[in-house]
There are 4 protein chains.
Amino acid sequence: MADALEERPLSRSAQREADILEAAIHLFGEEGFQSVTTRKIAARAGISEGTLFNYFSSKNELMRAILERIYEELRDNASVILREHLDSRTRLQLLAENHIEVMSRDNALFMRMIQAYMNVDLAGYTSIRGSVLHKLNLSYAWVFDTTVQEAQRRGEVRDDLNLSALRDLFFGGLEYLSRSLFLHEAFDRMSERVGSLVEPLWQSMLPQAPAEPDRLEQACERIEAAARRLAKQAAKA
Amino acid sequence: MADALEERPLSRSAQREADILEAAIHLFGEEGFQSVTTRKIAARAGISEGTLFNYFSSKNELMRAILERIYEELRDNASVILREHLDSRTRLQLLAENHIEVMSRDNALFMRMIQAYMNVDLAGYTSIRGSVLHKLNLSYAWVFDTTVQEAQRRGEVRDDLNLSALRDLFFGGLEYLSRSLFLHEAFDRMSERVGSLVEPLWQSMLPQAPAEPDRLEQACERIEAAARRLAKQAAKA
Amino acid sequence: MADALEERPLSRSAQREADILEAAIHLFGEEGFQSVTTRKIAARAGISEGTLFNYFSSKNELMRAILERIYEELRDNASVILREHLDSRTRLQLLAENHIEVMSRDNALFMRMIQAYMNVDLAGYTSIRGSVLHKLNLSYAWVFDTTVQEAQRRGEVRDDLNLSALRDLFFGGLEYLSRSLFLHEAFDRMSERVGSLVEPLWQSMLPQAPAEPDRLEQACERIEAAARRLAKQAAKA
Amino acid sequence: MADALEERPLSRSAQREADILEAAIHLFGEEGFQSVTTRKIAARAGISEGTLFNYFSSKNELMRAILERIYEELRDNASVILREHLDSRTRLQLLAENHIEVMSRDNALFMRMIQAYMNVDLAGYTSIRGSVLHKLNLSYAWVFDTTVQEAQRRGEVRDDLNLSALRDLFFGGLEYLSRSLFLHEAFDRMSERVGSLVEPLWQSMLPQAPAEPDRLEQACERIEAAARRLAKQAAKA
DNA sequence: AATGAATGAGGGTTCATTCAT
DNA sequence: AATGAATGAACCCTCATTCAT
C-alpha cells in the first residue's frame, strides 16, 4: 500500500487495466500481435487469464485500446508542438519527428499494430471506412491539415495546395522512412533524415511556383514579340 | 489480348500451379492471409489439400510466390514504361499509376500480403534485412532511382537531390493514396490523384530554387502590358 | 490394500491427471504408442483434447511421465525388498521378480514405452546419454549394483566381479525372459523361471573358482580318511 | 550395360531390389524407421516412389525384408563360426562378438528395426507369437542351443543346464551390452567386454559347482588337524 | 515395368474465450 | 472481482499408397 501513497492512487481496476496494457504493449512489440497469447499477457500482467477478459472483452479489443492510446498520445504531442512553436516549417519538422518516434518505439509496435488491425478489419468483412482505426487516423491527420492551412492563412505557402496529396506524401513518406530507420537501426540520425524528407515537401509548398525562370523570361519575350508583330501588322494595315 | 491467344497450353502441372495461385490470390484478397485456410485454397483450386503441398511447400511459401510474381510484374511493367517514355515527368507519373494499379488490385491484396509477410518475417528470428521481401523490394525500388538519376544526367532536375528521401515520399505517398482510393472506391479518378501527388514531388526536384515573388510579379506586369498594347492596337484596327 | 483406504480424495486436477495417465497407460499398452492418438486418450479420460494438453504439454511428455512413474515404482519396490530381506540371493530373486512383474504389466507396456522413447530420443538430435530415460535407468540400475556390492562386503561373493557385465546379464536376461513369458502367457510359473535365470548368475558370483573334479574327489577322500581315523580312535576310547 | 559385364550380372529387377534395400538400410540406420519416408528411400535408390511399391508392397514389408536379411546374415556367420571353431568357449565368444557387431552396425539399425517391428506387430493386433520376427529369432537362437548341447555331449559342461534361461541371459546380456557400447561409443574394447560377459555364463555352466579351492583345502586341513588332535588326546588318555 | 502426380484421412497442437467456483 | 480449468474447432502439414499414363 505504502508504495503507491505518493502517486495519485489509481483505483485498483484502473491499475489492473494499466498493467494489462503495459504487458500487452511490451509483448506485442517484442513478438508481434499474432504470436502473443492472452495467456502470456495475463502472466506478465500478474493476473489470471479470465481476469483479462473482464477488462478487455477480446484480444482484438485490447489491440484497439492500444492503438487508441497511441493515437491519443500522438495528438497530445502534436498539440504541444503546435502550441509551443509558431513557425510552420518547424512545426512540420517536429510533427514528423514525433510521428517517427512514436511509430518506431517498442520495436515498431505501432506500425505492426496497424498492420494487424487492418488484417482483422478486412478479415471480419468490416469496411475499413467507418472502422475505429480510420476514425483515429482521421482525427490525428487533422493536425497536419491544420498546420498547412494556418501557413496558408499567414501567406507562407501557396493557396492552391492539394492538401490530400501532401498529407499522403507526408505520412506515407514518414512510414517508409520509419521502416528504413528500423531496418538499418539508424535512429541516431533520425532528425536529419526527417529534415531531408520534409524539405522537398516544404519547397513544393512555397508560394513561388518553381518555374524555370529562363522559360518564363522567354515566354514573356515571345508574348511581347508577338504583340510587337501584331502592332506592326496593324500599322501596315 | 492478342498476346495470350497464341500461347501453347500449359503443361498439366503448370496449369495446376496457376490454378492454385489464382485461388490463393483471390481468397487472400477476399479474406486476408490469416483467415484463409489451405483447405479453402485447395477446394477453390479443385484439388486435394495434400496436392497443394506438392506444389508449394507451405502456406508461407505460397505467399512468397505470390509476392514474387507481383514484384516481377511491377518490374516488367516499369521496364516497358521506361522504354516507351523518355520524358522523366511522364515516367514518374506512369510508374506511379502502375504502382497504384498493382497495389490496389484484388482488394488491395498486394498491400496486405506485404504486411502479412512482414509479420512472418518479424515473428521468425529472421531479420527483415536479407529477407526475400526486402530483396524483391530493393530490386523494384531501383526503377525509381534510375529514373531520377537519368533525369539528373539530362539536367532536368537538380544534382543535389536526396534520393532516399524522395523514394520514401514517392512510395510511401503512393501507399497512402492507394489506401485512400481503396477506402473511397474512387479509382476512376486515380490518374488525376496520382498527378496531384507526383506534382509537388516533381516541383521540388526542379533545378530552380523558387523564384522571389517579385520576378513573377514583373513577368505578369510585362504580359499585361503586352496585352494592353494588343488591345489598343485591336481598338485602332 | 489398507494403505489406500485412508487416502484423502485427490484434488480435482490431481484426479484429472490420474485419469489421463490411466487412459494413456491402458491405450498405449493395448495399441502401442504410435497408434494411439491424443484424441483417443482424451476420449477415454473423459475430457476434451485441449484439456489433455493443459496437463501434459505434448504426447511425448505424457510418455515421459508414464516412464518416470514406472521407474519410481520400480525403485520404491526395490527399496522395500532391500529393507525387508537381508539375504543377497533372496534379494536378487525378489528384485528380478519385481522387475518382471512391472515390465510385463499392461501388455508389456513398459518394455514398449522404453522402445518408443528410445526412438524419440534417437530421432531428435538429443543424445540418448543425458536423456531423461538414461537418468531414470541409471538411478534404478543402482539397486542391483548396491546389492552385489553389499554381498561382496559380506564376503558372500567374489571381490573381482565385473559388475557391469553382471548387470547387463541380469537386466538383459530379464527382458528376454519377460518377452518369453509374455509370448507364452506363462506368468504362473514366473517365479520358477526367474529362479532358473538368477541361479547361474549367482553361481558365477560365488567365491569358489570351480575346482577340478579330482580335487573335490581328493578332498572327500581326505575328509573320509579323517573320519575313519576319528572313528578308530573313538572305538579305542 | 557394359559396366555390369564383369560382375555376376544381377537381373535388372534384382539390382533394383538391392538398391532399394541398401537405401532403406542406410536411411533407417541414420534417421530411424518412422522418420524415413518412402520418398526419401526412393530418391536415394534412384527410383520413383511408385516403383518402390512394385518391389516391396509396403514400408513395413521393406522393414521385414531387412530384418530377414540381417537374421540370415547372423545365421550364416554363426554357421561359419561353428564350422571353423571346435572349442565351445571360443564358439560362444565368437557368436557373441558376431551378434554385437551385427546389432551395432549402421548406427544400431538392427536394434532399432526390431523395436519398430515389435510396435508394428502389436499395433496390428497380431500376436507376436507366429509373427515373422519370432520365427526369425527362433531359427537364429537355435545356434546357441546347438553350441551348448554339443558342449554337453562332449562333457565340457553340466548336463542339467536350463537352456532357456542361459539363452535369455546370453542374448539379453548382449543386447544390453550393445546398448552400453553404443551409448559410450566404446566399440574398440568390444571383444574384451564380450569376454567379461560370456565368462560368468561359462563359469556357471561348468560341471563343478564353484567352490573356493582354498577354503576347501583349509576345511580339509582343519578337519584333518582336528582329527590329529583328537588322536593325540586319545593317545594321552 | 516405371512413373510421379494425386490423394485424404488424420496427425499433434494451439488458443481465445467461457463459466462454475 | 477474480480465478484457471475446460473447451473444441480449426490449424497446417504429412506421407504411405494408388493408378492413369
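Protein chains get the first letters and strands the later ones, always in sequence-line order, with residue 1 at the start of each.
Geometric assessment of B:Lys135 against the ring of B:Tyr71 yields a negative cation-pi assignment under the 6.0 Å and 45° thresholds. With B:Phe33 as the aromatic partner, B:Lys59 meets the cation-pi criteria of under 6.0 angstrom to the ring centre and within 45 degrees of the ring axis.
Within the 4.5 Å cutoff, no side-chain heavy atoms of A:Arg64 are placed close to those of A:Phe56.
Looking at A:Arg69 and A:Glu72, no side-chain N of the basic residue comes within less than 4.0 Å of a carboxylate O on the acidic one, giving no salt bridge. Between C:Glu22 and C:Arg16, none of the side-chain N atoms (NZ, or NE/NH1/NH2) sits under 4.0 Å from a carboxylate O, so this pair counts as no salt bridge.
The side chain of B:Tyr55 contributes an N or O atom lying less than 4.0 Å from OP1 or OP2 of E:dA6. At F:dA2, one or more side-chain N or O atoms of A:Arg16 fall inside 4.0 Å of OP1 or OP2 (strictly under the cut-off).
Rounded to an integer number of Å, the gap from CD1 of B:Ile47 to P of E:dG4 is 19 Å. If you take NZ of A:Lys40 and C1' of F:dG4, they are 19 Å apart, rounded to a whole angstrom. In this structure, the CG atom of D:Leu52 is 13 Å from the C1' atom of F:dC15, given to the nearest Å. If you measure from atom CD1 of C:Ile41 to atom P of E:dG10, you get 17 Å, rounded to the nearest angstrom. Separating the CE atom of C:Met63 from the C1' atom of E:dG12 is a distance of 13 Å, rounded to the nearest angstrom.
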ask   = Can you give the dot-bracket line for DNA chain E, where a pair is Watson-Crick or G-U wobble with both atom distances under 3.5 Å, crossing pairs use [ ], and | marks a partner on another strand?
value = .||||||||||||||||||||
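Nucleic acid contact class of A:Phe56 (heavy atoms, under 4.0 Å, all strands): none.
Exactly one of C:Ile41, C:Asp106, C:Ile20 qualifies for a side chain to side chain contact (heavy atoms under 4.5 Å, CB included) with C:Ile25. That residue is C:Asp106. With respect to C:Glu31, the salt bridge (charged side-chain N to carboxylate O under 4.0 Å, His left out) criterion is satisfied by exactly one of C:Lys40, C:Arg112, C:Arg44: C:Lys40.
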task = If a protein heavy atom is under 4.0 Å from the base, mark B; if only from the sugar-phosphate, S; if neither, -; do that for nucleotides 13-21 of chain E going 5' to 3'.
result = BBSBBB---
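The nearest pair of heavy atoms linking B:Leu67 to B:Met113 is CD2-CB, 3.9 Å.
Taken to the nearest 0.5 Å, the CG atom of A:Leu52 stands 6.0 Å off from the CG atom of A:Leu62.
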